[in-house]
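Notes to accompany the following structure.
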Amino acid sequence: MNISEGMNPRQMEAVEYTEGPLLILAGAGSGKTRVLTHRIAYLIEEKQVPPYQIMAITFTNKAAQEMRERVDRIVSFGAEQVWVSTFHSSCVRILRRYADRIGYGNNFTIYDTEDSKTLMKAIIKKLNLDTKTFKDRSLLSAISAAKNEMISPEQYRKDAGIDWKLRKIADVYDEYQEQLRSNNAMDFDDLLVNAVELFTQCPEVLESYQERLRYLMVDEYQDTNTVQFRFISLLAQKYRNLCVVGDDDQSIYKFRGANIENILSFEKIFPDAKVVKLEQNYRSTGNILSAANEVIANNKGRKEKKLWTENGDGPLVNYRQFLTGFEEAEYIAGEISKKVRTEHSRYRDFAVLYRTNAQSRLFEEKFLMANIPYKIVGGINFYARKEIKDLLSYLKVLDNAEDDLAVQRIINIPKRGIGAASIGKAQEWADFHGISFFDALLEAEMIPTMGRAASKIRSFTSLIEVMRAKAEYLSVKEILELVIEETGYVAELQAEDTEEAQARIENIDELISKIVTYQDETENPTLGGFLQDVALVSDIDSVDEDSDYVLLMTLHSAKGLEFPHVFLAGMEDGIFPSYLTITSDDPGDLEEERRLCYVGITRAMKELTMTSAKQRMIRGETQYNKTSRFVREIPRELVDMGRTFEEVKQKPQVDPQPKSGLYGAMKSLYQTNSFQPRQFKVTKADHLDYEVGDTVRHVKFGVGIVKAIVEGGKDFEVTVEFEKAGVKKMFASFAKLKKI
DNA sequence: CTCTTGAAGGTTTTT
DNA sequence: CCTTCAAGAG
């Protein structure tokens with residue numbers, strides 16, 4: 001394949017400039033992923049660079065995977081040897097080999113936010129801190145901020161001076177790191193910090209990577225923080241082939257330590273850097289782009305640029321205001337149904353973006369009612385669910401005996417009669433003798449204060465040891481099944497016989513299938529490998545391009561994605577921009593919020609609709625908000641205001657009643673199926689696991705009895721009489737009915 | 001030691 | 001609103 005095919009001169013310039021530092025300022029939709037993939041292809045095919053000497057850092061695992069696939073398509077061989085991954089995964093990969101050089105075991109555990117919080121609570125207790133003045137959350141964010149700036153506990157203490165509170169935080173920071181180390185665990189920030197630490201302490205390790213990774217590329221460079229920058233510049237130091245791609249207008253992760261200076265002063269740091277600007281947008285219509293340009297122009301201190309496009313103007317940007325969030329959601333659901341029915345759109349062409357995860361609820365409710373297939377990205381992580389964390393903790397304990405936190409989580413799950421008091425005693429013993437918590441448990445009989453809990457602890461430790469011995473010879477899936485078997489975890493849930501327990505069992509089944517997928521896709525699957533993958537997945541990674549559903553997510557999650565139709569919901573001052581940024585005395589906060597808006601607008605290819613509600617329930621209280629200032633920053637002539645709210649009220653476009661809404665949506669589905677020849681991505685099951693007369697459960701409507709099943713062309717139409725919701729007709733593939 | 005109950009308090013955004 | 005935490009009974 002010809003590498004220059006379909007590329008504009010600017011893009012080619014970036015592709016062909018392979019030696020020395022290069023900054024690509026790539027506006028939204030300017031084809032930066034294309035440039036990166038073609039650049040990799042160019043290096044391999046034209047410059048004869050061995051693929052394993054190329055490293056590309058992306059923002060999410062999904063982006064990494066996509067990039068690899070795209071390179072694979074243009075390059076004849078070797079795409080799989082290119083090192084493509086996120087900062088965090090890259091660091092883990094390096095640390096798995098060399099963590100022992102800096103005092104960790106190579107099988108270290110990765111702590112997620114919840115683990116960190118648990119640990120922090122224990123520390124607050126241990127150091128006897130006043131929980132009013134020292135909150136776990138704020139302590140953790142102080143520590144995280146310090147780590148992102150590569151400030152060690154010692155340095156933090158020095159900087160604290162005589163400030164009493166800061167000195168206390170330094171104590172906490174110190175203790176926190178100490179504990180992590182003795183648990184052989186790292187939190188997210190440690191992965192970066194420790195990789196840099198490794199490079200600094202072991203120059204020979206650094207050099208081996210410098211030699212190996214001679215061509216470096218960093219995507220979403222505007223969102224790198226100080227440690228990440230340090231990591232990448234250490235690697236680039238020797239050969240100086242560093243190519244970074246970013247857009248200062250899309251920097252939205254300041255709260256995570258992103259340092260916008262990294263991109264703004266790239267040319268100062270690398271005076272010989274070449275700069276290429278990509279300003280032609282291939283994604284959006286002219287009107288959408290103008291709206292985006294107008295909004296972002298209100299920010300100061302940005303690199304001057306103006307995106308342009310050869311695409312037509314397209315329709316105006318829509319703005320609709322509603323009385324309540326309820327109606328807003330109903331409108332969006334109705335619009336999507338209508339467009340799927342009347343235009344050649346599919347569900348996957350739509351995305352609903354909002355500022356906070358909490359806003360997803362209303363949409364979920366309405367979409368369920370309207371039978372619109374959807375997927376919510378973000379919110380509570382699958383791996384953060386109780387039942388999943390419990391089982392994973394067992395796996396962690398089997399994998400890393402020093403992970404005290406995991407041991408403490410499961411020691412009394414299921415109930416073994418080992419309570420907080422006994423755990424405290426064992427912990428004291430462990431602290432006193434300088435051994436791990438699990439080792440203290442092994443000596444439980446020797447702990448004088450322990451009493452009769454000792455025998456219970458004995459049976460727990462032997463359970464673990466027996467399982468650990470067996471695990472040597474088992475696959476990851478078999479290990480999990482062993483844990484489930486030995487602990488009776490699922491059996492206990494089955495005995496509960498509640499809807500909630502049933503849902504948990506389903507989650508556990510999903511965990512098992514995730515393990516199977518991991519085993520199938522990984523060359524050399526191990527327990528540790530699986531746990532590591534799990535720790536670093538983000539929700540967006542699981543979005544499947546081939547399936548047909550509407551995506552619901554926060555503006556942050558939407559970064560890097562594009563959709564023909566985008567809804568920006570909750571465009572209200574106080575929601576977006578959020579109340580906190582409006583009241584903040586740092587004007588930079590509002591600018592970051594505006595960049596977030598810019599990101600949102602530029603996700604849209606063909607049509608953009610912004611919506612707001614006059615009143616909205618927040619934490620059980622009704623709030624009255626003005627239209628977002630960001631909407632008002634868009635010139636009136638670019639905006640279609642639609643009918644006013646009152647007019648809409650009189651002549652509803654959407655059926656206001658849930659019942660008729662449901663019916664209408666169903667009808668629309670049916671019509672789409674019948675008159676649209678294009679394959680409507682509904683996978684019709686060849687049989688249903690329930691039949692007429694069976695009792696089934698629906699996520700929304702609850703329990704009911706199947707009254708009729710009609711086989712349609714594309715799907716089964718099922719009629720169910722629900723105990724509470726009455727009689728409903730629905731399509732089998734969307735309704736996801738479960739026989740009970 | 002476990003379970004229930006009630007009150008209090010808290011909110012962006014994520015690897 | 002929804003989760004989390006403390007206190008009290010069994």
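Chain letters run A, B, ... following the sequence lines, proteins first, then strands; residues in each count from 1.
Dense packing is recorded around CZ of A:Phe134, with more than 12 heavy atoms of other residues, nucleotides or ligands lying under 6.0 Å away.
The CG atom of A:Asp589 sits 15 Å away from the P atom of B:dT13 (whole-angstrom rounding). Atom-to-atom, OH of A:Tyr354 to P of B:dT13 comes out at 10 Å; the value is rounded to the nearest Å. Taking atom CG of A:Leu596 as the reference point, atom C1' of B:dT12 lies 10 Å away to the nearest angstrom. In this entry the distance linking OH of A:Tyr579 with C1' of B:dT13 reads 19 Å, nearest Å. Taking atom CG of residue A:Asp190 and atom P of nucleotide B:dT15, one finds them 18 Å apart after rounding to whole Å. In this structure, CG of A:Leu552 is placed 17 Å from C1' of B:dT13, rounded to the nearest angstrom. B:dT14 atom C1' lies 15 Å from atom CD1 of A:Ile110, rounded to whole Å. Atom CD1 in A:Ile418 sits roughly 10 Å away from atom P in B:dC1 (whole-Å rounding).
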Worksheet entry | Audit row: A:Asp399, A:Thr109, side-chain contact (heavy atoms from CB on, under 4.5 Å) steps and yes/no | CA-CA 9 Å; A:Asp399 187 54; A:Thr109 299; 5.6 Å; no
Worksheet item: Could you go step by step and tell me if A:Phe231 and A:Phe229 meet the ring pair (Phe, Tyr, Trp, His ring centres under 6.0 Å) rule?
Response: CA-CA 5 Å; A:Phe231 174 77; A:Phe229 174 73; over 10 Å; no
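Side-chain rings of A:Phe576 and A:Tyr354 stay apart, their centers remaining 6.0 Å or farther from each other.
Test A:Arg385, A:Arg409, A:Lys396 against A:Asp390 for salt bridge (charged side-chain N to carboxylate O under 4.0 Å, His left out) and you get one pass: A:Arg409.
Spacing of P atoms, C:dT4 relative to B:dT13, comes out at 15 Å, to the nearest Å.
Looking at heavy atoms from C-beta onward, A:Met610 lies out of side-chain contact with A:Thr627 at the 4.5 angstrom threshold.
Looking at A:Asn299 and A:Tyr598, their side chains never bring a donor and an acceptor atom within 3.5 Å of each other. Counted by atom type alone, A:Gln615 and A:Thr622 present zero donor-acceptor pairs between their side chains at under 3.5 Å. Counting only N and O atoms by type, the side chains of A:Ser612 and A:Glu572 include no donor and acceptor under 3.5 Å apart. Side-chain contact of A:Ser116 with A:Tyr176: a donor-acceptor pair under 3.5 Å is present, judged by distance alone. Side-chain atoms of A:Glu492 and A:Gln494 form no donor-acceptor pair, as typed in the model, at a separation below 3.5 Å.
For the pair A:Ala421 and A:Thr356, both in contact range of DNA chain B, the more 5′-proximal nearest nucleotide belongs to A:Ala421. DNA chain B is contacted by both A:Lys456 and A:His88; A:Lys456 maps to the nucleotide lying nearer its 5′ end (nearest heavy atom per residue).
Taking every heavy atom of residues 57-67 of chain A and every atom of DNA chain B, no pair lies under 4.0 Å. Heavy-atom distances under 4.0 Å link DNA chain B to A:Tyr253, A:Phe255 of residues 248-255 of chain A, given in residue order.
OP1 or OP2 of B:dC1 sits under 4.0 Å from a side-chain N or O of A:Ser422. At B:dT2, one or more side-chain N or O atoms of A:Asn412 fall inside 4.0 Å of OP1 or OP2 (strictly under the cut-off). For A:Ser557, a side-chain nitrogen or oxygen approaches OP1 or OP2 of B:dT14 to under 4.0 Å. Phosphate proximity of B:dT13 to A:Lys559: absent, as no side-chain N or O sits under 4.0 Å from OP1 or OP2. Distances shown here put every side-chain N or O of A:Asn225 at or beyond 4.0 Å from the OP1 or OP2 atom of B:dT15.
Within 4.0 Å (heavy atoms only), A:Asp112 reaches no atom of the nucleic acid at all. As judged by a 4.0 angstrom heavy-atom cut-off over every strand, A:Asp189 is placed among residues making no nucleic acid contact.
For A:Thr86, the side-chain atoms get nearest to B:dT15 when compared with the rest of B:dT15, B:dT12, B:dT13. Of the candidate nucleotides B:dT2, B:dT13, B:dT15, B:dT15 has the atom nearest to the side chain of A:Thr113. Picking from B:dC1, B:dT15, B:dT12 the nucleotide with the shortest atom distance to the side chain of A:Phe188 gives B:dT15. Side chain of A:Arg256, nearest nucleotide from B:dT15, B:dT13, B:dC1: B:dT15.
Salt bridge annotation for A:Lys32-A:Asp247: absent, with no cationic side-chain nitrogen under 4.0 angstrom from a carboxylate oxygen.
At least one donor-acceptor pair under 3.5 Å links the side chain of A:Thr118 to the backbone N or O of A:Glu114.
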Discussion item. Within the 4.0 Å limit for protein heavy atoms, which parts of nucleotides 1-10 of chain C are touched? Write it as a string from 5' to 3', B for base, S for sugar-phosphate only, - for none.
Written reply: SS--S-----
